[in-house]
Amino acid sequence: MNVANTPDIFYPSQEVIDQANVSDYEAMYKYSVEDREGFWAEQAETLSWFKKWDTVLDESNAPFYKWFDGGQINIVHNAIDRHLENANRNKMAIIWEGENGQKRNFSYNGLNREVCQFANVLKSMGVEKGDVVTIYMPQIPELVFAMLACAKIGAVHSVVYGGFSTEALASRIDAAHSRVLITADGGWRRGKQIDLKSIADDAMKRSPSIEVCICVKNNELDVEMEPSRDFWLHDLKALPIAGSTCETEPTEAEDPLFILYTSGTTGQPKGMVHTHGGYAVYTSTTHRMAFDIKPQDRWWCAADPGWITGHSYIVYGPLINGATIMLYEGAPNYPYPNRWWQIIENYGINILYTSPTAIRGLMRFGERWPKKHDLSSLRLLGSVGEPINPEAWKWYHSVIGNGKCPIIDTWWQTETGGFMICPLPVTPLKPGSATKPFFGNEITIVNDDGVEVAANEEGKLMINNPWPGMARTVYKDAQRYKDLYWAEVDGKWRYLAGDSAKKDDDGYIWVIGRIDEVLKVSGYRLGTSEVESALVSHPSVTEAAAVGLPHELKGNAIHTYVILKDGVVADNKLALELKAHVGAEMGKIAMPEAVEFVDSLPKTRSGKIMRRVLKARALGQDEGDLSTLEE
Ligand code: PRX
């Protein structure tokens, strides 16, 4: 189906229009691109600065842009401290529920206490401004406290998603030379305890830079604690040094706030670096405008804080906006497929922001599960991570949103820090399109020469301007950042996102998918090269190729082709072993759907694996131009 021809357009109700934070997209958009710096300066004024900036945008070393340079700020001063001086002080900041029904709530005041104590613990362990602290945790409040504690003292956090495994954790610790690791004994998933500490132990064996490991007690697993290295957080919090007040350290607007690793076309994941100033302005503005945030809102971004979605829209954007955030550790369908709908009813959630994969996963259990619950508190719904298929969109809209909640489909990336293409609640919606650029952004769809293609034609998604939330560099590899993302077209630096897209006759953007060798599996981003190197690290494997093939629930599933070492017998048992091996190295999300044993792989004469040929063969499609094929 050509989605661009989907005739359905969904218009906002009068109620949505009446309460919109921004009611005229076109007028605001025009202003924001004609006076980009003026627009962003106005947004920055809504935050608390220790010292105001000298320049809004410094383009002197493009594409290494600086935003609000000369300004001093700390994102935590905005996410917590300033709320303590007004009515938000006793407002709920975090509502947490664990899979087994445990409940913990924190007001802004309570959150401040936790973060101050954690910050004092970090200081007592010698953590200083600019140090990189690696965090590997389940979805518990301490993950949020740890991130905020680092930021508060000017340290840089590097969160590794708790679903990742040893290799991913070890390589990220190594890359950042972290001295301190924060982890937990374990997490919960589907009634089972997930043992994180032993994965952390294996990673620390591989990455000797860790001198201190702070461990949060979250379940009943017996874990090994190495006496001179490993400390329980609750023991450290009991020490006199861990007082419940701690000054927030002023940081330069351009000082790094965090590093977050993401998969790319080649090699190992790259550490995207985000800053205190521009990122605070961008995440809070996008969140407030696209999701019409109101003071009384209960906001639930059902992602993991360990991914960019969680960094920007569980932790920073919503807390800066003084919202109440919901955090749930557990599976969406445990013990029954109504778990999420029950949470929405129990807590009166107003906005749910999740992924197409999650929606498709819950949709397959049928309407009877959501229908058991009163979901009338919902005002808006959001989607992120991959294109949403119109069928899932319509189910989400009619069954979950009762036909009255606009769906805010947000297109963005780890690199962009926040929403780049998304509707406002007042925007007429077309299911499957993230609609129009967010304020300040000019987006064109171009061919290989950077020339804009005609309406409805597929091309590369290009962003023509800098924006405050943009990653500033790849950690310790500025050249890679420039080479990977930026191209000079018509004398101006442009950002190439690595996605293909179309713009229809109304200027609506339809993102199609990645053009590089990045896979989106259940909305998670993985590099084919990472899966391949995990396979090759198995003693039986000589060479491997990974491709993504369409999958009804996951969007894409990983199919792999493996050449075995001489004399190794190819059988089903080995295929299962290889799947498990990738799972153990990288994490369950990277486990291949299929392992096929082959004698050779299609390669170019220069030795590059032609993954598109493998994919076309698997799908029974035309293999395209084979002129560069080796044999
Ligand atoms: O291909 C796009 C897809 O996810 C990629 C970015 O992945 P990641 O850095 O993991 O960030 C995910 C959360 C922001 C993009 O290059 N993507 C993300 N959101 C959408 C999307 N594709 C289509 N529609 C979206 N709303």
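Each ligand, and each atom within it, is numbered from 1 in the order the structure gives. Note that the numbering runs from 1 along the sequence shown for the chain.
The residues E552 and R360 are annotated as not salt-bridged, no charged nitrogen and carboxylate oxygen being separated by less than 4.0 angstrom. Looking at K554 and E593, a side-chain N of the basic residue comes within less than 4.0 Å of a carboxylate O on the acidic one, giving a salt bridge. The pair E457-K502 fails the salt-bridge criterion, with no side-chain N (NZ, NE, NH1 or NH2) lying under 4.0 Å from an Asp/Glu carboxylate O.
Centroid-to-centroid, the aromatic rings of Y316 and H311 stay 6.0 Å apart or farther. Ring-centre distance between F164 and W307: below the 6.0 Å cut-off.
In this structure, the side chains of E386 and T357 come closer than 4.5 Å at one or more pairs of heavy atoms.
Using a heavy-atom distance under 4.0 Å as the criterion, the protein contacts of ligand 1 are I308, T309, V384, G385, E386, P387, D409, T410, W411, W412, Q413, T414, D499, V511, R514, K520, R525.
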